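Here the structure is laid out as structure tokens; the discussion comes afterwards.
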Amino acid sequence: MSSHNSTATANVPRQPSAAKPFVAPMVSPQDLPVDYSGFIAVILGVAGVMFRYKLCSWLALIFCAQSLSNMKNMENDLKQISMASM
């Protein structure tokens with residue numbers, strides 16, 4: 001049975017020297033997908049303030065926290081994070 005395994009590994013046509021590490025493609029900030037959770041947080045926050053719905057306000061806080069947690073490293077700016085949390 002060990003001779004079967006050695007012949008199976010000998011027939012594998014892999015070339016470790018030809019392997020290249022994965023490099024993620026660069027994406028411009030204009031091509032990033034829309035932050036739906038941030039948009040929903042704004043809509044629910046406005047509805048919560050205008051109509052005095054506590055549920056909308058709580059949901060706005062949850063969606064705001066989700067939007068802040070999904071921020072990419074290149075978007076992390078203290079001014080932007082503070083304004084998003086307001």
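Residue numbers start at 1 and run along the sequence shown. Treat the numbers as computed from the prediction; the structure is a model and nothing was measured.
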Closest heavy-atom contact between Ala41 and Phe63? CB-CB, 3.7 Å
ring-ring contact (aromatic ring centres under 6.0 Å, His included) partners for Tyr53, two or more places apart: Phe51
Just to verify, what does Ser57 make a side chain to side chain contact (heavy atoms under 4.5 Å, CB included) with, not counting sequence neighbours? none
Say you draw a straight line from CD1 of Ile43 to CD1 of Ile40; how long is it, rounded to the nearest 0.5 Å? 9.0 Å
